[in-house]
Amino acid sequence: MKYNHKAVEPKWQQIWEEKGVFHASDDVSKEKFYALIEFPYPSGQGLHVGHPRPYTALDTVARKKRLQGLNVLYPIGWDAFGLPTENYAIKNHIHPEIVTKKNIARFKKQIQSLGISFDWSREINTTDPDYYKWTQWIFIQLFKHGLAYKKEMNVNWCTSCKCVLANEEVVNGVCERCGSEVVHKVKSQWMLKITEYADRLINDLDLVNYPDRVKAQQKNWIGRSTGAEVDFETTTGDILTVYTTRADTLFGATYMVISPEHPLIEKWADKLDNMDDIRAYQAAAARKSDFERTEVAKDKTGVKLQGVRAINPVNNTEIPIFISDYVLVSYGTGAIMAVPAHDTRDWEFAKKFDLPIIEVVKGGNVQEEAFTDCATGVMVNSGMLDGLSVDEAKVKIIDWLTKEGKGHSKVNYKLRDWVFSRQRYWGEPIPIVSCDKCGYVPIDESELPLRLPMVESYEPTDTGESPLANMTDWINTTCPCCGGPAKRETDTMPQWAGSSWYYLRYMDPHNSEALASKEALNYWSPVDWYNGGMEHTTLHLLYSRFWHKFLFDIGVVPTPEPYAKRTSHGMILGENGEKMSKSRGNVVNPDDIVDEYGADTMRLYEMFIGDFEKAAPWSQASIRGCRRFIERYWNLQNILVDGDTIRPELESAFHKAIKKVGDDIENIKFNTAIAALMALINDISNVKSISREELRVFSILLNPFAPHVTEEVYEANKLGEGILAEAQWPQYDESKCVDETVEIVVQVNGKIKAKLNIPVDADKETMLAMAKENEKVTAALDGMSILKEIVVPKKLVNLVVKPK
RNA sequence: GCCGGCGUGGUGGAAUAGGCAGACACAAGGGACUUAAAAUCCCUCGGCGUAAAAACCGUACCGGUUCAAGUCCGGUCGCCGGCACCA
């Protein structure tokens, strides 16, 4: 009887659906487990085989936790606002809401065919007004606490999307999504003060279990650096403040550089003799896109300010001031002290403009290249600092500056505030009105959700205004504060908004009074295990940690961090080893795999394909091995014998497998868990029979990976009421994981001479004696004297010898 | 340039904590069964070597520590991801 997945899989999926077996309970007396995957964006393309990898992995975890008696929440929803849908809608003249509905239906059907144990009763959708009501509510709280503000600023503008991009969305000077040119535009934008949380976003990484590479990347992105601000007087009497991490090199500062946008330039305009050159340079710098500015990074340019000089506070030397675009207005104070001897960029600039290079840290040849090593150098030419190490000098000079009132220690971050406005239709309306009298005022919370108006045309405008700007009857409203005329904000939120808090909504998805009830939040928080892609480390993961911390501060959520544990999956590549994409023509559709081999085979292969955290190429040939394994399991029914115990000949194999599979699932080693099950089935095949108890235990162990076929076997052979219905994850007995005898190796000078089977509890003396009795060993010892005997219990004997 | 990760058979990948390198699969080759094919089962499968064995070599490369190194340390090369004129 051949296994027929086409009959078995839909049968069990239907039973699960009817009985609602995957619905999480709100019974707070039970121990909970909250497993979370990044909810998908329902694109028009449907799923490819890469999507189900994380779903299957956490499904395996969730199913095992259920068998261990935990109350498991494993939800899914749709991150459905966003540009691809909107663009498709524009092109095909279908409203994005309809497109979204259609895409979700397709995704849902595909995911359900895989037998993932999602709790569909908690399905959410970020475009649902009942959902985005709370996204808007959170925005209003941010606004009320001063963390959302509107600012006239230079923004990244995608010429093709006709929309503002966050810094995070600009890659190599082009739009992350469409690859079009990004230019600068001055616009008034809503911003979120994520910088206020920079320190906590770094420090609280100590509270969570994330992979080191994720923590490193977040720290890197936030970019905290500790240094000092130093005030330089100028010949005009104005103070020019710089930020530096190398205050120790202050005696080596031979000139200064300010960014072309620095405000002091305007103030000094009438004192500068070469204002025309300066204006020309400013204009050239402003014209450059980010792309050009980084492209020309190799060659330094700049203009010297004629007529104003700065005074080095440590030695009262007058030094020149330059403007140059290698100094960024947006970082530090927009001005630097240049120490060409010990900074590569300053060195290049000094060489080009023929400026003096003064060595203040001994250790290199500063005429040849900048010496930037902080660890080994000793201070020279630095007055009071001479003879100190770099670290000692930093402390001493900052103390001195502080005492003299000329500077102080200072921490800086690379992280910028989050540009939160988008000039597009398909997003959450920002719930703010603008009133001439009262300024920006949030709409009353009882008015939420502020629904996206149905419009005829939602095409982006060339003027840079949101499509909503044309809807005069929607825009014109009254001020909630004074009752006078006011205008609605027409920008919408970025796609990251809805995904910044969705894991909270799953805890209580139908609540109309709050984003979730206190009880649900207290019970389910935090997410126990969150899996997602590395590509979201500096975007989604950072944004959602920020929102969560804010909600914690205002008493909405009970934990400082949203996710206790984070793992990330590797991509599934096409068969040619390249990223799967329509344009490369290497996309594999899971529907075809499910149809030909079944969902269980598909799931098993996705977990067996390799290290879960690393990328792995898809192999159409290798899937067959997983299908064979399913069939070998199915055929165990043919050799079934009575017996309600695990028989002695298989006892240690079973106990070892129970331990291994359980441990490996917890440690994200799904591939070796499956390998252990394959090895166990090989052991069973060698015995040529399987007892009912053995089949029962094997079925439970395999169930998290292959839930359909295991339920079928369990039912068909009346091994119990059903795995989901009553089975419990088997326990192993440590004492039964060991065999009576164990094979050890005997080495002479590290070369293997013999392998011996010895009793597992043999002591060192016995092992040594047995080793020396072996013929091959005695032969190798002939004419040798033993220098050292190394005995590792249960592993090996190594005899170190030399000729007599 | 900086930060993080990786480099193991024909392929995907194993190897707890320094203790038998190549588990478990895929592919390939051979055999059994079959009229035949598919399916299934059995055998071989790092290199070199041999009648067979033994011996020798082998985890990117060079060196070190150790009785013992894929694993630890120092250096080199290559690949992947992230950041990038951040003072």
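Only heavy atoms go into these numbers, but all of them, side chains included; no hydrogens, no water, no symmetry mates. First the proteins, then the strands, lettered A, B, ... as listed; each starts at 1.
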- prompt: How close or far is atom P of B/C20 from atom NZ of A/Lys753, stated in whole angstroms?
  reply: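 Rounded to whole Å, this separation is 17 Å.
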query: How close or far is atom C1' of B/A17 from atom NZ of A/Lys794, stated in whole angstroms?
result: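 In whole Å, B/A17 C1' lies 14 Å from A/Lys794 NZ.
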Can you pull every protein N or O that's under 3.5 Å from an N or O on nucleotides 9-16 of chain B?
from  : atom 1 : to       : atom 2 : distance (Å)
B/G12 : O2'    : A/Ile609 : O      : 2.6
B/G13 : O3'    : A/Asn671 : ND2    : 3.4
B/A14 : OP1    : A/Asn671 : ND2    : 3.0

Could you check whether [X] gets within reach of a base, just the sugar-phosphate, or nothing at all, counting any heavy atom under 4.0 Å?
X: A/Gln747; value: base
X: A/Ser330; value: nothing
X: A/Glu789; value: nothing
X: A/Met534; value: nothing
X: A/Thr245; value: sugar-phosphate
X: A/Lys215; value: nothing
X: A/Ile752; value: sugar-phosphate
X: A/Gly625; value: sugar-phosphate

Taking only N and O in the side chain of [X], is any of them less than 4.0 Å away from OP1 or OP2 of [N]?
X: A/Asn682; N: B/A23; answer: no
X: A/Arg624; N: B/A27; answer: yes
X: A/Tyr326; N: B/A87; answer: no
X: A/Arg628; N: B/A27; answer: yes

- prompt: With rounding to whole Å, what would you report as the distance between B/C80 and B/A55 at their P atoms?
  reply: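 Comparing P positions in B/C80 and B/A55 gives a spacing of 42 Å.
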task: Using the C1' atoms only, state how far B/U8 lies from B/A23, rounded to an integer number of Å.
output: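 Roughly 13 Å separates the two C1' atoms.
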Check ion pair [X]-[Y] (N to O, under 4.0 angstrom):
X: A/Arg584; Y: A/Glu575; result: no
X: A/Lys352; Y: A/Asp299; result: yes
X: A/Arg213; Y: A/Glu613; result: yes

task: Classify the side chain of A/Lys300 and the base of B/C85 as holding, or not holding, a donor-acceptor pair under 3.5 Å.
output: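 Side chain to base: pair present.
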message: Please determine whether any donor N or O and acceptor N or O are separated by less than 3.5 Å between the side chain of A/Lys755 and the base of B/C20.
response: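 Yes.
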query: Base of B/G47 relative to its sugar, syn (within 90° of 0) or anti?
result: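 Judged by the O4'-C1' to base torsion, B/G47 sits in anti, the angle falling more than 90° away from 0.
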message: Counting only heavy atoms and a strict 4.0 angstrom limit, can you tell me which residues of residues 336-343 of chain A come near RNA chain B?
response: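 Hits under 4.0 Å, by residue number: A/Ile336.
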field: A/Thr301-A/Tyr326 side chain donor-acceptor pair, cut-off 3.5 Å
entry: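 No, no side-chain donor-acceptor pair sits under 3.5 Å.
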task: Return yes if a side-chain donor-acceptor contact under 3.5 Å exists between A/Thr60 and A/Arg603, otherwise no.
output: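 There is no such pair (donor and acceptor under 3.5 Å, judged by atom type) between the side chains of A/Thr60 and A/Arg603.
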task: Can you establish whether the number of heavy atoms outside A/Glu743 located under 6.0 Å from its atom CD is more than 12?
output: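 More than 12 heavy atoms, drawn from other residues, nucleotides or ligands, come within 6.0 Å of this atom.
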field: Over 12 foreign heavy atoms within 6.0 Å of CG, A/Asp212
entry: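 No, not enclosed.
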Centroid separation A/Phe608 to A/Phe670 less than 6.0 Å: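 Judged by ring-centre distance (under 6.0 Å), A/Phe608 and A/Phe670 do not meet the cut-off.
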message: Please give the stem ranges for RNA chain B, sorted by first residue number, where a stem is three or more consecutive Watson-Crick or G-U pairs and both donor-acceptor distances are under 3.5 Å.
response: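 Counting only runs of 3 or more consecutive pairs, the stems involving RNA chain B are B:1-7 with B:77-83, B:10-12 with B:24-26, B:28-32 with B:40-44, B:60-64 with B:72-76.
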- request: Please assess A/Phe251 against A/Ile358 for the test side-chain contact (heavy atoms from CB on, under 4.5 Å), listing each intermediate value before the final yes or no.
  value: CA-CA 8 Å; A/Phe251 284 88; A/Ile358 299 176; over 6 Å; no
message: Can you classify the ring geometry of A/Tyr255 versus A/Phe322 as parallel (below 30°), tilted (30 to 60°) or perpendicular (above 60°)?
response: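 Ring orientation of A/Tyr255 relative to A/Phe322: perpendicular.
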- prompt: For A/Gly570, does its backbone N or O pair with a side-chain atom of A/Arg53 as donor and acceptor, under 3.5 Å?
  reply: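 Judged by distance alone, yes, a pair lies under 3.5 Å.
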message: Treating A/Asp683 as the side-chain partner and A/Ala653 as the backbone partner, does any N or O pair qualify as donor plus acceptor under 3.5 Å?
response: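 Checked: no pair found.
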query: Which is it for A/Tyr633 and A/Phe629 under the ring-ring contact (aromatic ring centres under 6.0 Å, His included) test, yes or no, and what are the steps along the way?
result: CA-CA 6 Å; A/Tyr633 164 71; A/Phe629 172 64; 7.4 Å; no
